[in-house]
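Here the structure comes first, spelled out in structure tokens, and everything after it is commentary.
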Amino acid sequence: EVSEKIRSRYGNYDDWFREVMDRSGTAAVIKPVHPQYLLDQAFRPGEAELRYTYPIARVDSLMGRDRNGRRDWDDVGRAFRHPVQSLDDLLEITDGFFECIRGKAVGIKQLQAYSRPLRFGAPALEEARRAFRECTAGHNPAAALTVGDCIMRRILENAEREQLAFQIHTGMTHLADSDPALLEPLFDQYPGVRFVLLHAYPF
């Protein structure tokens, strides 16, 4: 019986969403979303959801993921229909990501504390290009960190230009190098970014 009621509500998603928000007295929700939410027709929300939602665009896919012992960016490449074969491809997609969310998202979010230290370097472009080739050729955690440092700088440049809030999930458990104080150099270097630190346990 409950399943049938759920199916009937989802039959007219916009009306159901509007009713839930009105009856619960909720003005709006902040919703972390992946790029597909703002890119693909299949993921586009209805009018009611957009009316009540402040999307926060997740940038995790721009940082890549470890798969079968190597770093890849297949997920973000598929989302943007642009295979990531070089660092320059990735930088172009990063800029395109911010063009895509302009006027749609009120901020960006990442959960990097679970996959890397919160200490970010500032590698030269050629160093990052070399690191990209190394970390996509095989298991090379140091090279992957260098690429991530480079992409984080590009993310922050875009976020500062667009004046976006940046939620950083700094961890809800004991994680190596997850002290939010490690981010302080970024706060100084990108004063136009509104950093929002979430959780920060046990700090």
Side-chain angles (χ1 to χ4, degrees), residues 13-14 16-18 20-22 24-65 73-82 84 90-118 120 148-173 175 178-180 182-184 186-187 189-201 203:
Y13 182 77
D14 270 2
W16 174 81
F17 199 98
R18 192 178 295 110
V20 167
M21 298 299 282
D22 290 344
S24 65
T26 304
V29 294
I30 296 172
K31 180 173 183 173
V33 298
H34 288 284
Q36 290 88 340
Y37 184 86
L38 301 167
L39 280 171
D40 297 340
Q41 185 65 46
F43 285 88
R44 284 186 187 154
E47 180 184 340
E49 184 171 340
L50 283 175
R51 176 184 163 196
Y52 289 101
T53 301
Y54 293 120
I56 303 287
R58 291 182 57 172
V59 298
D60 306 272
S61 57
L62 296 172
M63 303 294 279
R65 63 181 287 186
W73 285 265
D74 294 346
D75 294 340
V76 73
R78 276 193 299 273
F80 282 86
R81 297 179 177 86
H82 185 141
V84 181
L90 187 53
L91 291 169
E92 183 179 338
I93 285 176
T94 301
D95 293 339
F97 175 92
F98 282 89
E99 290 175 18
C100 164
I101 69 173
R102 184 178 294 129
K104 299 175 184 174
V106 297
I108 57 176
K109 179 176 182 173
Q110 68 153 344
L111 288 80
Q112 291 304 309
Y114 287 97
S115 57
R116 60 155 294 150
L118 292 181
F120 288 90
D149 291 348
C150 176
I151 295 305
M152 177 54 64
R153 299 284 171 171
R154 184 61 69 95
I155 288 170
L156 289 166
E157 289 166 10
N158 277 283
E160 186 166 50
R161 188 185 62 249
E162 301 292 335
Q163 297 185 313
L164 291 170
F166 188 3
Q167 289 186 352
I168 301 181
H169 188 318
T170 64
M172 293 193 292
T173 185
L175 299 169
S178 67
D179 185 342
L182 295 170
L183 296 166
E184 191 170 355
L186 299 184
F187 304 158
Q189 293 161 28
Y190 300 94
V193 178
R194 292 173 288 155
F195 290 93
V196 181
L197 305 185
L198 303 181
H199 309 305
Y201 180 86
F203 304 100

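As the structure is a computational prediction, the values presented were derived from the model and not from experiment.
- Contact of the Arg51 side chain with the Phe17 side chain is not registered, since no non-hydrogen atoms from C-beta on lie closer than 4.5 Å.
- For the pair Asp74 and Val84, the minimum side-chain heavy-atom distance is 4.5 Å or more.
- Between the side chain of Gln167 and the main chain of Val196, no donor-acceptor pair closer than 3.5 Å is present.
- Here the CG atom belonging to Leu90 is positioned 9.5 Å from the CE atom belonging to Met63, to the nearest 0.5 angstrom.
- Ring geometry for His169 versus Tyr114: interplanar angle over 60°, hence perpendicular rather than tilted (30 to 60°).
- Considering every non-hydrogen atom in both Pro55 and Val33, the closest pair reads CB-CG2, 4.2 Å.
- Taking all atoms of both residues into account, the shortest heavy-atom contact from Trp73 to Leu62 is NE1-O, 3.0 Å.
- With rounding to the nearest 0.5 Å, the separation of NZ in Lys109 from CD1 in Ile30 is 9.5 Å.
- Each of Arg116, Glu157, Gln110 was checked for a side chain to side chain contact (heavy atoms under 4.5 Å, CB included) with Met152, and the lone residue meeting it is Gln110.
- Counting heavy atoms from C-beta outward, Leu182 and Phe120 have side chains that stay 4.5 Å or more apart.
- Heavy-atom minimum distance, Glu160 versus Tyr190: OE2-C, 3.3 Å.
- If you take OH on Tyr52 and NZ on Lys31, they are separated by 15.0 Å, rounding to the nearest 0.5 Å.
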Please determine whether side chain to side chain contact (heavy atoms under 4.5 Å, CB included) holds for the pair Arg153 and Leu186, giving the CA-CA distance in whole Å, both sets of side-chain angles, and the decisive distance to 0.1 Å.
CA-CA 9 Å; Arg153 299 284 171 171; Leu186 299 184; 3.8 Å; yes

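- A heavy-atom distance below 4.5 Å is found between the side chains of Asp95 and Arg154.
- Listed here is the closest heavy atom pair of Val193 and Leu156: CG2-O, 3.8 Å.
- Counting heavy atoms from C-beta outward, Ile108 and Phe98 have side chains that approach closer than 4.5 Å.
- Listed here is the closest heavy atom pair of Cys150 and Leu91: SG-CD2, 4.3 Å.
- Nearest heavy-atom pair, Arg78 versus Asp75, reported as atom, atom and distance to 0.1 Å: NH2-OD1, 2.6 Å.
- The 12-atom threshold is not exceeded at OH of Tyr54, counting heavy atoms of other residues, nucleotides or ligands nearer than 6.0 Å.
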Before giving the answer on side chain to side chain contact (heavy atoms under 4.5 Å, CB included), spell out for Ile101 and Glu162 the whole-Å C-alpha distance, their side-chain angles and the decisive distance to 0.1 Å.
CA-CA 10 Å; Ile101 69 173; Glu162 301 292 335; over 6 Å; no

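- Taken from CD1 in Ile151 to OG1 in Thr94, the straight-line distance is 4.5 Å, to the nearest 0.5 Å.
- Residues passing the side-chain contact (heavy atoms from CB on, under 4.5 Å) test with Thr26 are Met21, Ser24, Val29, sequence neighbours excluded.
- Put simply, the side chain of Asp60 gets close to the backbone of Leu111: a donor and an acceptor are under 3.5 Å apart.
- How far CG of Asp14 is from CD of Glu49: 8.5 Å, rounded to the nearest 0.5 Å.
- For the atom pair Leu183 CG and Ile168 CD1, the distance stands at 5.0 Å (nearest 0.5 Å).
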Could you check Phe187 against Leu197 for side chain to side chain contact (heavy atoms under 4.5 Å, CB included), going step by step and ending with a plain yes or no?
CA-CA 11 Å; Phe187 304 158; Leu197 305 185; 4.0 Å; yes

